[in-house]
Protein chains: 2
Amino acid sequence: MEKIYTIKDIAELAGVSKGTVDRVLHKRGKVSEDALKKVNEVLDKIDYQPNLMARSLKKKQIYSICVLIPDSANDPYWQPCIDGINEAKKEFKSFNVKVEIFLFDPTSTSSFVETNKTVLNSSPDAVLLVPLFHKEAIDAIETYNSKGIISSIFNNQLKSNTIKSFVGQDLFQSGRIAARLLDLLIKKGTIAIVHIDEDYENAIHMQEKEKGFRDYFENLESGKFEIKTFKVKHPQFKTTLKEYLESNPAIEGLFVTTSKAYQVAKIIAKKPEKKIALVGYDLLENNLEYLNNKTIDFLIHQNPKRQAYLGTTSLIEHFIFEKEISPEKLLPIDIVNTENAKDYFL
Amino acid sequence: MEKIYTIKDIAELAGVSKGTVDRVLHKRGKVSEDALKKVNEVLDKIDYQPNLMARSLKKKQIYSICVLIPDSANDPYWQPCIDGINEAKKEFKSFNVKVEIFLFDPTSTSSFVETNKTVLNSSPDAVLLVPLFHKEAIDAIETYNSKGIISSIFNNQLKSNTIKSFVGQDLFQSGRIAARLLDLLIKKGTIAIVHIDEDYENAIHMQEKEKGFRDYFENLESGKFEIKTFKVKHPQFKTTLKEYLESNPAIEGLFVTTSKAYQVAKIIAKKPEKKIALVGYDLLENNLEYLNNKTIDFLIHQNPKRQAYLGTTSLIEHFIFEKEISPEKLLPIDIVNTENAKDYFL
DNA sequence: ATTTTTATTGTGTTCGAGCACATTTTAACA
DNA sequence: TGTTAAAATGTGCTCGAACACAATAAAAAT
């Protein structure tokens with residue numbers, strides 16, 4: 001256990017006052033070359049670690065972090081995010097940080113824009129957001145950046161060099177995993193990728209998952225599988241899918257790229273004459289129900305709670321511990337079946 | 001954002017001095033009923049959260065935590081634990097905690113006992129240990145307890161009411177997961193549970209995994225599977241397993257209950273005439289090699305790094321944040337295949 | 001040489017909790 | 001009632017870093 005040095009120690013070792021040491025440490029100038037040298041010599045010899053307790057006790061500044069996430073009233077997928085953020089808040093409650101959650105309607109672009117405006121008005125030190133709307137998110141982040149506000153994103157990837165950090169999963173790989181699981185479930189046959197409820201062109205996550213999924217089978221070269229894509233939006237969903245399945249009786253497996261696998265499960269559960277393998281995303285209650293009755297074979301866990309937690313803590317720790325924010329944090333892609341589902345609710 | 005109260009605030013609100021408030025908060029006595037009432041009334045109205053920065057700045061006591069883990073020179077499974085502990089150390093380096101790692105030889109009971117003696121001599125505030133040897137671990141924990149030293153365990157479960165906390169996995173469930181995966185991999189046939197390299201009677205983890213595994217198939221009632229058990233210890237391992245497989249040609253799947261699946265893989269990889277499904281534990285390099293060439297189908301990740309990390313941080317946070325130590329923390333049981341293996345190395 | 005200006009260095013206070021010690025109040029006893 | 005013991009309460013210093021401000025030294029101007 002090596003000695004812990006304080007500013008006072010350094011001052012004594014260098015033969016100057018603690019004020020001078022402080023000026024050197026913070027590069028505030030007003031230090032003679034002679035004194036600078038003396039202090040730096042000591043600093044080179046020892047490993048000075050400022051006492052963060054003392055620092056944050058003294059510093060009056062309260063850092064403000066705003067988190068923008070979709071309202072879970074519209075999509076239960078987002079519910080765990082709140083828990084993750086609150087967990088981070090609780091963990092750092094004694095520190096000088098204020099974390100505020102702002103909800104927007106995931107079905108409304110203008111709601112997203114408006115919420116960003118509100119956030120901007122409160123002029124926070126950092127913003128963590130889910131960039132659900134590509135163009136609008138880029139704009140918002142640009143604005144934050146121009147005001148010196150740090151922005152991080154999670155859940156959805158976005159290419160922008162003003163973003164400090166992304167927390168999420170490798171969606172291409174995620175698609176490959178789904179492919180591997182379906183490869184295992186059915187040894188051959190036709191598989192349909194089902195994109196529901198979101199606009200394919202605007203949903204990069206769907207595209208990435210599809211790419212990864214197809215990539216797996218292309219490299220397999222077995223020729224045992226045929227992959228199709230099926231896109232559908234909500235209102236007409238039920239009948240459309242039913243028709244699609246009836247006109248494609250060769251389909252042995254389905255890969256649902258969103259958290260809406262339960263909607264598909266509802267339909268294929270009614271056709272017990274033939275078990276269709278089904279892989280989807282996210283541990284929503286509805287999904288778990290069909291996982292447990294084995295209509296859904298596997299769910300891939302995107303761990304929104306942990307994403308939100310890590311996104312928040314990395315910002316908090318940046319401010320209070322001066323930790324660097326890692327530009328990309330990819331979470332493991334958890335494979336969930338009947339047996340380990342409950343483990344993921346910590 | 002509700003106001004943050006300090007002891008001084010409370011003193012003013014209650015019309016007493018901060019010394020009195022301090023006595024009430026810490027139940028140090030020497031407070032008149034009248035003053036006690038006044039302070040408690042204020043305390044009831046507001047939500048006082050002591051400033052942990054100020055507290056740990058003032059408190060000079062350095063808490064000492066010792067961690068006892070098997071030496072990874074003997075078994076690479078333990079290597080990640082060191083990383084997990086160091087991560088915890090790094091995270092809390094500014095706080096008044098000292099974490100020391102002690103290694104023991106996992107093949108030697110006396111090494112375990114000796115290391116515990118060394119730890120005891122350093123009289124730490126808490127001990128986190130891997131109770132590899134059942135009886136000796138109970139004894140050690142008993143001794144720690146009598147000296148007022150908190151003890152937590154991880155990786156291996158142990159029933160003892162003097163233990164503060166266990167971090168690990170539900171091994172019964174873990175066995176069920178392996179069963180589910182093999183059920184999926186082969187639709188019928190004989191499956192052997194392979195216990196290698198450890199003494200079955202002393203290794204509760206093996207027993208629990210076997211119980212869970214058998215439980216799954218018993219409740220299946222399909223009659224499609226036959227489950228056998230095969231125990232073997234190191235030296236003669238290779239030839240014995242080969243003979244066993246030859247004399248049991250009906251075997252379609254193997255479940256290896258330890259991290260030594262690669263040893264089994266080495267053997268069955270040489271019999272390409274028939275693919276035997278193989279499920280094992282832990283992301284050792286050797287295992288990953290066979291996972292990638294698909295000799296091993298699935299690995300169950302026991303996440304030793306996270307176990308060690310959580311075990312350590314829960315003790316640290318107990319001391320510096322006065323957090324309660326949860327008696328049991330069960331980690332998710334991660335299913336790993338070729339596609340998501342690399343995700344688990346953060 | 002003396003004053004003024006500027007550069008450099010040192011001192012002292014603050015943050016909030018914890019605790020030792022000083023001071024005041026109350027009770028006990030002669 | 002006065003004295004002493006005991007109980008209750010208040011005061012003030014400390015932890016380490018940050019920063020304002022005072023103090024000193026050096027340089028420039030008169």
Side-chain angles (χ1 to χ4, degrees), chain A residues 2-43 46-63 92-97 319-322, chain B residues 2-43 46-63 92-97 319-322:
Chain A
E2 62 290 341
K3 182 169 166 32
I4 291 170
Y5 293 89
T6 68
I7 286 187
K8 210 176 128 201
D9 293 330
I10 299 170
E12 277 164 19
L13 286 168
V16 297
S17 75
K18 63 199 185 85
T20 304
V21 176
D22 180 72
R23 268 164 287 219
V24 173
L25 285 172
H26 293 87
K27 302 189 173 51
R28 275 200 257 274
K30 308 198 172 182
V31 176
S32 68
E33 270 183 48
D34 184 46
L36 183 69
K37 214 188 80 187
K38 283 195 284 182
V39 173
N40 276 331
E41 264 169 24
V42 176
L43 250 29
I46 65 162
D47 175 36
Y48 170 64
Q49 301 274 21
N51 185 315
L52 301 174
M53 308 293 109
R55 174 177 293 172
S56 90
L57 179 61
K58 186 62 187 50
K59 282 226 183 180
K60 285 253 52 71
Q61 181 177 9
I62 291 174
Y63 296 102
F92 292 95
K93 68 167 185 286
S94 328
F95 294 83
N96 309 326
V97 271
F319 289 123
I320 62 179
F321 296 149
E322 292 180 348
Chain B
E2 62 291 340
K3 181 169 166 33
I4 290 169
Y5 292 89
T6 68
I7 285 188
K8 210 175 127 202
D9 293 330
I10 299 170
E12 277 164 19
L13 286 169
V16 296
S17 75
K18 66 198 186 85
T20 305
V21 176
D22 181 73
R23 267 166 290 230
V24 173
L25 285 171
H26 294 87
K27 299 190 175 51
R28 274 200 257 275
K30 308 198 172 180
V31 176
S32 68
E33 270 183 48
D34 184 48
L36 183 70
K37 214 187 81 185
K38 282 195 286 183
V39 173
N40 276 331
E41 262 168 24
V42 176
L43 251 28
I46 65 159
D47 175 36
Y48 171 64
Q49 301 274 20
N51 185 315
L52 301 174
M53 307 294 107
R55 173 178 293 172
S56 90
L57 178 61
K58 186 63 187 51
K59 282 225 185 180
K60 279 259 54 70
Q61 181 179 8
I62 291 173
Y63 296 102
F92 292 96
K93 67 166 188 290
S94 327
F95 294 83
N96 310 325
V97 271
F319 289 124
I320 63 181
F321 296 150
E322 292 180 346

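So that the names make sense, note that chain A is the first sequence line, chain B the second, and so on, each numbered from 1.
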Could you give the [atom1]-to-[atom2] distance, from [X] to [N], as a whole number of Å?
{"X": "B/K37", "N": "D/dT9", "atom1": "NZ", "atom2": "P", "answer": "13 Å"}
{"X": "A/K30", "N": "D/dA23", "atom1": "NZ", "atom2": "C1'", "answer": "14 Å"}
{"X": "A/E12", "N": "D/dG16", "atom1": "CD", "atom2": "P", "answer": "12 Å"}
{"X": "A/D34", "N": "D/dA26", "atom1": "CG", "atom2": "C1'", "answer": "14 Å"}
{"X": "A/D9", "N": "D/dC15", "atom1": "CG", "atom2": "C1'", "answer": "13 Å"}
{"X": "A/I4", "N": "D/dG16", "atom1": "CD1", "atom2": "P", "answer": "9 Å"}
{"X": "A/E33", "N": "D/dA26", "atom1": "CD", "atom2": "C1'", "answer": "15 Å"}

Could you list the donor-acceptor pairs under 3.5 angstrom formed by side chains in residues 27-40 of chain A, with sequence neighbours left out?
unit_1, atom_1, unit_2, atom_2, d
A/R28, NH2, A/D22, OD2, 2.9
A/S32, OG, A/A35, N, 3.2
A/N40, ND2, A/L36, O, 3.4

Are any protein N/O atoms closer than 3.5 Å to N/O atoms in nucleotides 13-19 of chain C? If there are, list each pair with its distance.
unit_1, atom_1, unit_2, atom_2, d
C/dG16, N2, B/A54, O, 3.2
C/dA17, OP1, B/Y48, OH, 2.6
C/dA17, OP1, B/N51, N, 3.2
C/dA17, OP2, B/I7, N, 2.6
C/dG18, OP1, B/R55, NE, 2.4
C/dG18, OP1, B/R55, NH2, 3.2
C/dG18, OP2, B/H26, NE2, 3.1
C/dG18, O6, B/K18, NZ, 2.6
C/dC19, OP2, B/R28, NH1, 2.8
C/dC19, OP2, B/R28, NH2, 2.9

Kindly say if B/S32 contacts the phosphate of D/dT9, meaning a side-chain N or O under 4.0 Å from OP1 or OP2.
-> yes

May I ask you to verify if any side-chain N or O of A/T20 is less than 4.0 angstrom from the OP1 or OP2 atom of C/dT8?
-> no

Determine, step by step, whether B/Y48 and B/I7 satisfy the side chain to side chain contact (heavy atoms under 4.5 Å, CB included) criterion, reporting the C-alpha distance in whole Å, the side-chain angles of both residues, the deciding distance to 0.1 Å, and the verdict.
-> CA-CA 8 Å; B/Y48 171 64; B/I7 285 188; 3.3 Å; yes

Without swapping roles, check the side chain of A/N96 against the backbone of A/S56 for a donor-acceptor pair under 3.5 Å.
-> yes

B/Y63 and B/K59: which non-hydrogen atoms are nearest, and at how many Å?
-> OH-NZ, 4.1 Å

Taken in chain and number order and not counting sequence neighbours, the residues that satisfy side chain to side chain contact (heavy atoms under 4.5 Å, CB included) with A/I320 are A/F92, A/F95, A/V97, A/I316

In a check of side chain to side chain contact (heavy atoms under 4.5 Å, CB included) between B/Y5 and each of B/I46, B/D47, B/L43, which one passes?
-> B/I46

When rounded to the nearest 0.5 angstrom, what distance separates CD1 in A/I4 from CG in A/D9?
-> 10.5 Å

Could you tell me which residues satisfy side-chain hydrogen bond (donor to acceptor under 3.5 Å, both in side chains) with A/T20, sequence neighbours excluded, listed by chain and number?
-> A/S17

Please name all residues satisfying side-chain hydrogen bond (donor to acceptor under 3.5 Å, both in side chains) with B/R23, sequence neighbours left out, ordered by chain then number.
-> none

Provide a list of protein-nucleic acid N or O atom pairs under 3.5 angstrom, restricted to nucleotides 22-28 of chain C.
none

